Amino acid sequence: MSEKASYDIPTPHGGYHSRGGESESLGLTHTPRRASALNTIVASVALLFILVSQVWSTYWRFKLPPLEHVPSNGSEGVARLPFMGFNTWNAYHCDINESIIVENARLMETLGLLGAGYNYMNIDDCYSEKKRSPEGDIVAHKTRFPSGMKALTNEIHQLGMKAGIYGDSGWFTCQLYPGSFQNELRDARLFQLEWGFDLLKFDNCAVPFDHIIREGIVGKYQRMADAISQVSKEPGKLPMVFSLCQWGREQPWLWGKRFSQSWRTTGDIEPTWRSIASIINQFRNSFITWASDFYGHNDMDILEVGNGALTYEEEKAHFTAWALMKSPLLIGADLASVSKEALEILKNEDVIAINQDPVVGTAISPFRWGINPDWVSNETHPAQYWSDESANGTVFMLLNTLDEPADMFFNLTESPWIRAGRKYSVRDLWSHSENGTAIRNFTAQGVPAHGVIALLLRDAGDEPEALEPPCVRPEWCMDQNGTLIESGVSNSHLDL
Ligand code: GAL
């Protein structure tokens, strides 16, 4: 019986233990002399392997600490309110460079947009080279961003603004620039610590194969959330605002709030009324308004106000819906050529005040669909009658989704936030004027096609005595003596 070879293999802890006679089970047989030569080779290779892996792991321990699974939302105090600013995508797509960004940042200040609250300058896709550096870092595009990203964020910060950058949770961005999959911590450090960005929009393209990613959509985005959280532990850092761009495919309104501050709810916006109406409805934006509150907001996409394709009334309706539904407000127009009207829309303080309400974080919700039956999705005719509480009263939005002017009527108590038996002063958030007092109901006459009415109703005391009918809401209206009053007529009496 020939002697079986024995050889040493490394333990997981870097030591050795001897395993005799395993060659047979591995299908190998050796003579002792060949075995001893083999032993030497195996031992040297193992030693080399241990040495390299220890150097490697020390380097990474130092350079990139392991990810901790920590929710980043809320407690660190970023983006309590919907963020406001500028994003390059709608106006420029990939045609961006550092001058465009600096020029628009300066215009944000000189046009009074920064003063109105728009304080993020966000760079979207296409800012980098197509390949990472030999060390593995994303590299700013050499000819379009020759001064480098740090110089650019310095300039933005000097103007009193914050800076946002873009990345992707897959192998590549949607325009096939480097994505962050498996490089999350490296990229989060680059974006925030080396380049100086304050916000990261994170997209959903170039998804790795299932057998590689072994995560659902939540886990896919959690990777970067953890990296952001970890990087924010560096002294003096807040986490980057994490703005998910997942297009609403897998219900980010259910999970986005765990670790991000906003989540796109729809596919890409276009400068058409059809697109605006469909986003108000699409993926049930009309039905998921409950998901927005402090620190977490449904993101309805970059604004198209000022891009010259919507009518004035459509731009007002678009802006009102986005602001009152508490979407982030990102300007997507070339500010060098933006019209005076568009600028006025973007700077509407009454509407912005609702978006940025420091007391009430929730979004307006429909109380009646109008043309469309209640609670039924309709891309052309989303819900028309909306309301919510606000710090200063009850806010209403009426949308005329028709292609012609229309009168729009509602009873005040159709909104859950209105008290029966009270009258209300009415402020028009577009004319910025007080429009008298509403008692029981309100009619907006001749609302333009695709137009909007935005109102703030404030309690102005008891309604006049003895108004008929005794209840505006006819259902189960009853006298204390048990008489049931329907449509203002007492038509039955219950013997109590
Ligand atoms: C899309 C995203 C757009 C824009 C674009 C860039 O996925 O929805 O807002 O970021 O990618 O390639």
Side-chain angles (χ1 to χ4, degrees), residues 79 82-97 100-101 104 118 120-132 138 140-141 144-145 149 163-181 187 191 197-208 217 220-221 223-224 240-253 256 260-272 274-276 278-280 282-283 285 288 297-307 309-310 318 322 325 327-334:
F83 49 83
M84 296 172 64
F86 181 96
N87 176 294
T88 51
W89 185 253
N90 283 2
Y92 303 101
H93 289 93
C94 273
D95 202 6
I96 50 169
N97 58 50
I100 286 178
I101 288 150
N104 277 295
Y118 296 89
Y120 278 89
M121 230 19 236
N122 296 349
I123 304 170
D124 211 281
D125 206 349
C126 310
Y127 60 82
S128 75
E129 291 287 333
K130 288 257 164 155
K131 288 210 164 16
R132 288 175 178 264
I138 295 177
H141 195 277
R144 290 192 275 114
F145 291 85
M149 288 300 180
I165 192 72
Y166 165 96
D168 193 286
S169 53
W171 298 120
F172 304 100
T173 73
C174 301
Q175 307 303 317
L176 302 180
Y177 290 86
S180 290
F181 183 64
D187 292 352
F191 295 150
F197 285 100
D198 310 286
L199 174 148
L200 174 64
K201 170 176 172 180
F202 210 49
D203 219 329
N204 197 26
C205 286
V207 181
I217 195 73
K220 177 159 165 274
Y221 278 90
R223 298 169 64 92
M224 183 50 100
M240 281 188 287
V241 173
F242 195 29
S243 158
L244 307 191
C245 182
Q246 198 272 329
W247 320 311
R249 296 275 206 281
E250 278 100 6
Q251 299 172 284
W253 45 91
S260 76
Q261 291 76 43
S262 70
W263 42 88
R264 278 273 298 282
T265 54
T266 66
D268 287 8
I269 193 169
E270 284 164 21
T272 61
R274 207 188 125 129
S275 168
I276 303 301
S278 121
I279 289 178
I280 293 171
Q282 195 196 344
F283 285 109
N285 263 320
I288 55 165
H297 296 99
N298 290 332
D299 177 352
M300 296 164 73
D301 208 353
I302 308 153
L303 295 165
E304 291 286 5
V305 176
N307 283 334
L310 298 170
H318 166 32
W322 266 233
M325 289 168 83
S327 172
L329 297 177
L330 294 172
I331 299 170
D334 172 2

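Small disclaimer: the values here were computed from a predicted structure and weren't measured. Both backbone and side-chain heavy atoms feed into the values below; hydrogens, waters and symmetry mates do not. Order of appearance sets the numbers: ligands from 1, and atoms from 1 within every ligand.
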K.L.:
Determine, step by step, whether F181 and R223 satisfy the side chain to side chain contact (heavy atoms under 4.5 Å, CB included) criterion, reporting the C-alpha distance in whole Å, the side-chain angles of both residues, the deciding distance to 0.1 Å, and the verdict.
P.N.:
CA-CA 8 Å; F181 183 64; R223 298 169 64 92; 3.7 Å; yes
K.L.:
Once the angle between the rings of F191 and Y127 is folded into 0 to 90°, is it parallel (under 30°), tilted (30 to 60°) or perpendicular (over 60°)?
P.N.:
perpendicular
K.L.:
Go through the steps to decide whether I96 and I123 satisfy the test side chain to side chain contact (heavy atoms under 4.5 Å, CB included), and finish with yes or no.
P.N.:
CA-CA 9 Å; I96 50 169; I123 304 170; 3.8 Å; yes
K.L.:
Please determine whether salt bridge (charged side-chain N to carboxylate O under 4.0 Å, His left out) holds for the pair D187 and R132, giving the CA-CA distance in whole Å, both sets of side-chain angles, and the decisive distance to 0.1 Å.
P.N.:
CA-CA 11 Å; D187 292 352; R132 288 175 178 264; 2.8 Å; yes
K.L.:
Under a 4.0 Å heavy-atom cut-off, what residues line ligand 1?
P.N.:
W89, D124, D125, Y166, C174, Q175, K201, D203, C245, W247, R264, D268
K.L.:
Using distance alone, with no hydrogens and no angle criterion, decide if D203 and Y166 have a side-chain donor and acceptor under 3.5 Å apart.
P.N.:
yes
K.L.:
For Y92, look at atom OH and say whether over 12 heavy atoms of other residues, nucleotides or ligands are found less than 6.0 Å away.
P.N.:
yes
